[in-house]
Amino acid sequence: NAGVMQNPRHLVRRRGQEARLRCSPMKGHSHVYWYRQLPEEGLKFMVYLQKENIIDESGMPKERFSAEFPKEGPSILRIQQVVRGDSAAYFCASSPPSPRVNTEAFFGQGTRLTVV
Amino acid sequence: SQKIEQNSEALNIQEGKTATLTCNYTNYSPAYLQWYRQDPGRGPVFLLLIRENEKEKRKERLKVTFDTTLKQSLFHITASQPADSATYLCASDGGATNKLIFGTGTLLAVQP
């Protein structure tokens with residue numbers, strides 16, 4: 001059973017370009033969470049999605065950031081017009097359908113975005 | 001706002017000793033706390049979960065406590081090994097959607 005798969009592992013973008021980060025949850029999981037980890041900081045929640053639905057986007061910046069989890073295919077975190085401050089590690093976590101309260105999160109290896 | 005704090009200073013101990021890491025929370029009462037291990041360049045890996053009505057939880061050489069009076073969780077690694085060297089993250093529930101609130105982590109270095 002493959003774990004949470006994220007790609008690319010490393011992504012370099014110039015300021016003003018778009019960054020697309022992909023996350024395929026564990027087999028059988030239909031809930032996806034995105035977190036951002038800045039250098040010397042903890043992981044910060046960004047968004048929680050189920051298939052075709054955004055459940056909680058309270059941690060998403062108001063502009064330039066969007067996320068989707070289509071019926072088919074991976075979840076996508078999109079950052080438009082990237083700036084240097086977007087440089088960070090972005091982690092995806094998944095959980096099974098109807099997640100029980102108090103359940104562990106399964107994390108991917110992350111995508112490290114560098115904006116130059 | 002809800003806040004989780006961990007000692008940002010690295011913890012250096014000798015192999016075979018017990019490592020104790022601290023996690024404090026403020027401004028809320030979490031239903032549970034989780035501990036994760038994170039190695040450089042890797043994603044967090046779940047270790048233990050302890051609920052608010054549990055005082056202590058054990059798993060092999062790991063032990064976690066939850067003190068709701070002190071608003072604190074302690075994470076212990078007994079008989080520590082150099083392979084235990086990593087950053088350890090404390091996390092709590094962040095509401096009904098199962099999102100997690102993380103501390104900044106504590107770097108543990110076990111010297112042979």
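Just so it is clear, the values below take in all heavy atoms, side chains as well, and ignore hydrogens, waters and symmetry mates. Since the structure is predicted, the reported quantities are computational estimates derived from the model, not experimental observations. Naming: A, B, ... by sequence-line order, numbering from 1 per chain.
Using a 4.5 Å cut-off between heavy atoms, B:Gln38 contacts chain A through its side chain alone, with no backbone atom that close. For a residue to count as touching a neighbouring chain, one of its non-hydrogen atoms must lie under 4.5 Å from one of that chain's; by this rule A:Gln6 does not touch chain B.
If you chain together hydrophobic residues whose side chains sit under 4.5 Å apart, A:Phe91 and A:Ile76 never meet in one group. Follow the hydrophobic side-chain contacts under 4.5 Å out from B:Leu48 and you reach B:Phe66 in the same cluster.
Residue A:Arg15 places its CZ atom among 12 or fewer non-hydrogen atoms of other residues, nucleotides or ligands, all under 6.0 Å distant. Within 6.0 Å of CD on A:Gln81 lie no more than 12 heavy atoms contributed by other residues, nucleotides or ligands. Other residues, nucleotides and ligands contribute over 12 non-hydrogen atoms within 6.0 Å of the NZ atom of A:Lys51. The local environment of CE in A:Met5 is sparse, with at most 12 non-hydrogen atoms from other residues, nucleotides or ligands closer than 6.0 Å.
Scanning all heavy atoms of the two residues, the minimum distance from B:Arg42 to A:Arg112 falls at N-NH2, 3.5 Å.
Of the options B:Leu89, B:Leu100, B:Thr104, B:Ile101, a side chain to side chain contact (heavy atoms under 4.5 Å, CB included) to A:Leu43 is made by B:Leu89 and by none of the others.
Atom-to-atom distance recorded for A:Phe107:CZ and B:Phe46:CZ is 11.5 Å, nearest 0.5 angstrom.
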Quiz prompt | Verdict with reasoning, A:Asp56 to B:Lys99, per side chain to side chain contact (heavy atoms under 4.5 Å, CB included) | solution = CA-CA 9 Å; A:Asp56 181 352; B:Lys99 68 184 180 187; 3.4 Å; yes
Quiz item: B:Phe102 and A:Tyr35: ring pair (Phe, Tyr, Trp, His ring centres under 6.0 Å), yes or no, with the steps?
Solution: CA-CA 10 Å; B:Phe102 281 88; A:Tyr35 292 83; 5.7 Å; yes
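Per-residue heavy-atom pair counts under 4.5 Å with chain B were compared for A:Ala89, A:Gly42, A:Ser58, and the maximum is reached by A:Gly42.
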